[in-house]
Amino acid sequence: MRLAIDRCREGVGAGQAPFGCAIEVAGQLVACEHNTVVATLDSTAHAEVNAIRAGCRAVNDIYIEGGIAATTCEPCPMCMAALHWARVDTVYYGASIEDAVAAGFSELMLPAKHVLELGGSHVRLRGGVLREDCRSLFRDWNSRSDTRLY
């Protein structure tokens with residue numbers, strides 16, 4: 001999670017939204033990315049999606065089987081579905097969807113847990129990891145004058 005937090009801070013420094021994600025497989029880091037929605041003009045360029053793309057390239061496969069993802073915020077429905085389709089085993093997250101909404105982000109109020117339950121996924125989900133550290137990313141983001149909420 002610390003790597004995801006650090007990567008998120010790099011993204012915030014570059015004017016991107018405060019979200020980061022790291023993925024490891026068999027103890028090896030295969031991806032560590034931040035949100036690039038604004039830089040790429042791509043509304044799907046969330047940290048998790050960017051990490052999945054980089055992770056798939058790193059393992060040279062469309063799946064990241066056995067992967068463990070650490071993401072600074074609870075995955076949105078799109079990202080949770082993508083993590084499922086990438087066959088990641090476990091997702092750890094810090095801040096919650098509610099924390100993102102409280103920070104001013106327009107999130108769909110569909111918890112990742114419900115996405116997994118409704119879809120019959122076997123991905124394990126563990127929340128609240130370094131939650132305060134992850135929540136502080138939203139405060140840092142909101143203290144900047146050059147940010148744009150979306």
Side-chain angles (χ1 to χ4, degrees), residues 1-103 105-138 141 149-150:
M1 183 64 78
R2 294 255 180 241
L3 293 173
I5 291 169
D6 291 345
R7 190 70 171 133
C8 176
R9 286 195 176 108
E10 289 177 27
V12 169
Q16 301 305 297
F19 301 93
C21 180
I23 300 176
E24 80 166 35
V25 177
Q28 295 280 18
L29 181 68
V30 297
C32 192
E33 302 295 328
H34 61 76
N35 182 296
T36 59
V37 168
V38 174
T40 60
L41 301 176
D42 178 354
S43 60
T44 69
H46 291 195
E48 297 91 340
V49 171
N50 290 340
I52 290 167
R53 291 172 179 159
C56 287
R57 285 190 300 272
V59 301
N60 197 34
D61 200 337
I62 63 169
Y63 302 117
I64 309 174
E65 295 189 85
I68 297 171
T71 183
T72 59
C73 188
E74 181 176 356
C76 73
M78 175 186 71
C79 291
M80 193 66 256
L83 288 159
H84 163 82
W85 289 321
R87 297 187 183 171
V88 169
D89 282 352
T90 306
V91 176
Y92 294 91
Y93 68 87
S96 68
I97 289 173
E98 291 81 7
D99 295 328
V101 169
F105 287 88
S106 177
E107 298 294 320
L108 291 173
M109 294 303 293
L110 181 57
K113 175 179 133 181
H114 292 157
V115 172
L116 295 175
E117 290 169 355
L118 290 169
S121 179
H122 293 101
V123 174
R124 291 183 299 271
L125 188 65
R126 307 285 185 262
V129 178
L130 298 178
R131 184 176 182 202
E132 288 308 313
D133 291 351
C134 292
R135 288 173 58 160
S136 75
L137 298 166
F138 292 134
W141 166 261
L149 292 178
Y150 49 98

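Remember, it's a predicted structure, so these values are computed and weren't measured experimentally. Reckoned from all heavy atoms, side chains included, excluding hydrogens, waters and symmetry mates.
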K.L.:
Do the non-hydrogen side-chain atoms of I97 and M109 ever get within less than 4.5 Å of each other?
P.N.:
yes
K.L.:
For E132, look at atom CD and say whether over 12 heavy atoms of other residues, nucleotides or ligands are found less than 6.0 Å away.
P.N.:
yes
K.L.:
Tell me, do V25 and Q28 make a side-chain contact under 4.5 Å, heavy atoms counted?
P.N.:
no
K.L.:
Test side chain to side chain contact (heavy atoms under 4.5 Å, CB included) on H122 and H84; report intermediate values, then the result.
P.N.:
CA-CA 8 Å; H122 293 101; H84 163 82; over 6 Å; no
K.L.:
Would you call R2 and D133 a side-chain contact if the rule is heavy atoms closer than 4.5 Å?
P.N.:
yes
K.L.:
If you measure only the distance, is there a donor-acceptor pair under 3.5 Å linking the side chains of D99 and S96?
P.N.:
yes
K.L.:
Taking Y63's backbone N and O only, do any of them form a donor-acceptor pair with R87's side chain (distance below 3.5 Å, no angle check)?
P.N.:
no
K.L.:
Which of these passes side chain to side chain contact (heavy atoms under 4.5 Å, CB included) with C56: D61, I64, I23?
P.N.:
I64
K.L.:
Quick check for you: to the nearest 0.5 Å, what is the distance between N35 atom CG and D42 atom CG?
P.N.:
10.0 Å
K.L.:
Looking only at atom types and distance, does a side-chain atom of E74 sit under 3.5 Å from a main-chain N or O of P111, one as donor and one as acceptor?
P.N.:
no
K.L.:
Any heavy-atom pair between the side chains of M1 and C134 that's under 4.5 Å?
P.N.:
yes
K.L.:
For a 4.5 angstrom cut-off between non-hydrogen side-chain atoms, does L83 reach V123?
P.N.:
no
K.L.:
Atom CE of M80 and atom CD of E48: how far apart are they, to the nearest 0.5 Å?
P.N.:
9.0 Å
K.L.:
Nearest 0.5 Å please: distance from the CG atom of L137 over to the SG atom of C73.
P.N.:
9.5 Å
K.L.:
Please give me the minimum heavy-atom distance between S136 and R9, naming the atom from each residue.
P.N.:
OG-NH2, 4.0 Å
K.L.:
Is there a donor-acceptor pair closer than 3.5 Å between any side-chain N or O of T72 and the backbone N or O of I5?
P.N.:
no
K.L.:
Report yes if the side chains of Y93 and L125 come closer than 4.5 Å at any heavy-atom pair, otherwise no.
P.N.:
yes
K.L.:
Hey, what's the ring geometry for F138 with F19, parallel, tilted or perpendicular (30° and 60° as the breaks)?
P.N.:
perpendicular
K.L.:
Would you name the heavy atoms of C8 and H34 that are closest together and state the gap between them?
P.N.:
CA-CB, 4.2 Å
